[in-house]
2 protein chains.
Amino acid sequence: MRPSDLPQVRALRLFDSMEDESFAALMQASYLQTFPAQLDLIHEGEPADFLYVVIEGCVELYASSNGREATMAMVHPVGSFILAAVLKDVAYLMSARTCARSKLLLIPAQNVRDALGSDDGFARAIVQELAGCYRGVVKEYKSLKLRTSVEQLANRLLRYNKERCDAHGAFELPYDKKTLASLLGMTPENLSRSFNTLKPYGVEVNGAQIKLTDVKALEALAKPHPLIDERGN
Amino acid sequence: MRPSDLPQVRALRLFDSMEDESFAALMQASYLQTFPAQLDLIHEGEPADFLYVVIEGCVELYASSNGREATMAMVHPVGSFILAAVLKDVAYLMSARTCARSKLLLIPAQNVRDALGSDDGFARAIVQELAGCYRGVVKEYKSLKLRTSVEQLANRLLRYNKERCDAHGAFELPYDKKTLASLLGMTPENLSRSFNTLKPYGVEVNGAQIKLTDVKALEALAKPHPLIDERGN
DNA sequence: TGGCGCCATTGATCTGGGTCAAGTGCGGTG
DNA sequence: CACCGCACTTGACCCAGATCAATGGCGCCA
């Protein structure tokens, strides 16, 4: 574990109120590994051996059933994934693969559970993290149930615009369109069409580069709502 | 609070490892209320003032956006709802209404948070409960993303059959078909049609009474999978 | 008992999105 | 540079499910 990565991990809400000794012990037991792109890290149904933290790169969580596959979430630095399975010591519900060359911290599940039992600050942070994860997936579930594909895309673009807009008023899509389509629960063909549908609402597309030239019109179509679109609470 | 309801509540995994004094204090601060059917208990967006426990009856959690509404979950005795919002002291993401005359225990949110901070057994139980809630909604999200409406209904019927099958090999739907349709993310018309689609697979429908006469054939269509269909872990 | 409201079913029609296929562009490799 | 593979776009066609409308059944109420 490179010492320069430690502050980044320590600053995660999950770990920031942990006792120094607990945190040091947990990091001592952990592994920092670099993985190439398109590598399967875990498979749904397997027992949860590690809690994963993305230090660099990007990880796709996906699910498969009956010959079908869907992207469930994307994890960026310095996010963690698969916490619930680790805490309950049960099987993963989703598989994970890197979508770029990635550096990941692997924390043995048993050590996480031990620390939960011995460090109150950690336990409280875990409660807040789990509650946040729960609310995050409820929001995604709401979006899928209550919105059309075009509406979902419009809201996603508004969020990216808010988070990533550069000096030219444009932003770059955080991952390829095929993955974005799967994340939104549609086919790549339909994503392409949805972008075209949004053209009259000021959405200019140049590959992965997007520029929103009429945010007001797009918002009128998208109808963003904090109870679905806000992240982090 | 009627003393006869206490053991039921105490036996909930959320409370069963709580210190006696903590539990008594929490119950002392709580209210037991009876509500008629079709009564709105909370509205999404409101601050979380209480943790709710269903003692008798049934509660529907639903979400609204942009003129659309969808059932998100149904809560039976002795289940709780809205735990994450209580713990994070943030707004509810879903509204709730009774779908039958219901007796509910209302536990003030601040008291729950206080108990979380002072009772380790409770904190640990909350972690397990939240992790379970998270995994439950991930499974619902997976089902919606990966299955057709007919497949969802087939799996739902198989689950009810397993849970509720009586001596005649039949079971009663746990709520009206309109609600079931909304829970499965379809219209009542389409639910009706889906039942007809399942007829050749041995699904006999008489109002709310259902009989599965060829479970094997239905399973071949439904393709149940524990990572989506199992509840409780 | 009659009237009303609501749920559920059924039919006709529509539509958002999927499937299939072909074409284009781009990056990587030898 | 040529070739290949893959992502993405576009068009044609299909279809699962929604919408709209009508009907029947049931429970409730005066």
Side-chain angles (χ1 to χ4, degrees), chain A residues 36-38 58 60 65-71 97 99-101 143-157 172-201 203-210 221-222, chain B residues 36-38 58 60 65-71 97 99-101 143-157 172-199 203-210 221-222:
Chain A
Q38 312 306 331
C58 180
E60 177 194 3
S65 182
N66 193 17
R68 297 180 200 120
E69 183 179 294
T71 302
R97 64 189 160 213
C99 48
R101 188 174 172 283
S143 184
L144 192 58
K145 275 204 163 194
L146 294 170
R147 285 174 173 164
T148 64
S149 296
V150 170
E151 285 165 351
Q152 284 188 74
L153 176 59
N155 278 288
R156 186 67 63 148
L157 294 180
E172 187 131 332
L173 290 174
Y175 14 82
D176 63 276
K177 285 180 185 175
K178 195 174 162 194
T179 301
L180 178 60
S182 186
L183 184 59
L184 294 179
M186 67 178 91
T187 60
E189 291 96 330
N190 204 47
L191 179 69
S192 225
R193 293 194 178 92
S194 299
F195 270 118
N196 284 336
T197 301
L198 295 182
K199 231 180 234 167
Y201 298 88
V203 176
E204 291 175 4
V205 182
N206 182 16
Q209 197 87 350
I210 312 285
L221 173 87
Chain B
Q38 311 307 330
C58 180
E60 176 194 4
S65 182
N66 195 17
R68 299 179 199 124
E69 184 180 293
T71 303
R97 66 190 159 212
C99 49
R101 187 173 173 283
S143 184
L144 192 57
K145 273 205 164 193
L146 294 169
R147 287 174 171 164
T148 63
S149 296
V150 170
E151 285 166 351
Q152 283 188 77
L153 176 60
N155 278 288
R156 186 66 63 146
L157 294 180
E172 188 132 334
L173 290 174
Y175 14 82
D176 61 275
K177 286 180 182 173
K178 193 175 165 194
T179 301
L180 178 59
S182 186
L183 186 59
L184 294 179
M186 67 178 90
T187 59
E189 291 98 329
N190 204 47
L191 179 69
S192 224
R193 294 194 176 91
S194 298
F195 270 118
N196 282 337
T197 301
L198 295 182
K199 230 179 237 171
V203 177
E204 290 176 7
V205 182
N206 181 16
Q209 197 87 348
I210 311 286
L221 173 89

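In what follows, every chain begins at residue 1, and chains take the letters A, B, ... in the order their sequences are listed.
The interatomic distance linking A:Leu144 (CG) with C:dG16 (P) rounds to 17 Å, in whole Å. What separates CD of A:Glu151 from C1' of C:dG16 is a distance of 12 Å, to the nearest Å. Between the CG atom of A:Asp176 and the P atom of D:dC6 there is a distance of 14 Å, rounded to whole Å. At whole-Å resolution of the value, CG in B:Leu153 and P in D:dA16 are 16 Å apart. We find that CD of A:Glu189 is positioned 14 Å from P of C:dA22, with the value rounded to whole Å. A straight line from CG of B:Leu184 to C1' of D:dA16 spans 15 Å, rounded to a whole angstrom. Rounded to whole angstrom, the span from the OH atom of A:Tyr175 across to the P atom of D:dA7 amounts to 17 Å. The distance between atom CD of B:Gln38 and atom C1' of D:dG27, rounded to the nearest whole Å, is 15 Å.
Within a 6.0 Å radius of NZ in B:Lys177, more than 12 heavy atoms belonging to other residues, nucleotides or ligands are found.
Taking the side chain of A:Met186 as heavy atoms from C-beta on, and the options D:dC20, D:dT9, C:dG18, the nearest nucleotide is C:dG18. Among C:dT9, D:dT19, C:dG17, the nucleotide with an atom closest to any side-chain atom of A:Ser149 is C:dG17. In this structure, the nucleotide among C:dG18, C:dG17, C:dA8 sitting nearest to the side chain of B:Lys178 is C:dA8. Nearest nucleotide to the B:Val150 side chain, out of D:dT9, D:dG17, D:dT19: D:dG17.
Of the inter-residue distances, the one linking A:Leu184 atom CG with A:Ser143 atom OG reads 8.0 Å to the nearest 0.5 angstrom.
A:Lys145 contributes no side-chain N or O that, together with a main-chain N or O of B:Glu69, makes up a donor-acceptor pair within less than 3.5 Å. For B:Asn206 (side chain) and B:Gln209 (main-chain N/O), no donor-acceptor pair under 3.5 Å exists by modelled atom type. Side-chain atoms of A:Ser182 come within 3.5 Å of backbone N or O of A:Thr71 as a donor-acceptor pair.
If one axis is set at each end of the helix from C:dT1-D:dA30 to C:dG30-D:dC1 from five pairs, those axes are 30° apart, to 10°.
You'll find the side chain of B:Leu198 stays beyond 4.5 Å of the side chain of B:Val205, heavy atoms only. Contact annotation: the side chain of B:Asn190 approaches that of B:Ser149 to within less than 4.5 Å [non-hydrogen atoms, C-beta and beyond].
Nearest heavy-atom pair, A:Pro188 versus A:Lys178, reported as atom, atom and distance to 0.1 Å: CG-CG, 4.1 Å.
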Check: residues 150-157 of chain A side-chain donor-acceptor pairs under 3.5 Å, at least two apart:
residue	atom	partner	partner atom	Å
A:Glu151	OE1	A:Thr148	N	3.0
A:Glu151	OE1	A:Thr148	OG1	3.4
A:Glu151	OE1	B:Arg68	NH1	2.8
A:Glu151	OE1	B:Arg68	NH2	3.4
A:Glu151	OE2	B:Asn66	ND2	3.4
A:Glu151	OE2	B:Arg68	NH2	3.0
A:Asn155	ND2	A:Glu151	O	2.9
A:Asn155	ND2	A:Ala222	O	2.9

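Across residues 190-199 of chain A, A:Ser192, A:Arg193, A:Asn196 each have a non-hydrogen atom less than 4.0 Å from an atom of DNA chain D (numbered order).
Between A:Thr148 and the phosphate of C:dG16, there is no side-chain N or O to OP1/OP2 separation shorter than 4.0 Å.
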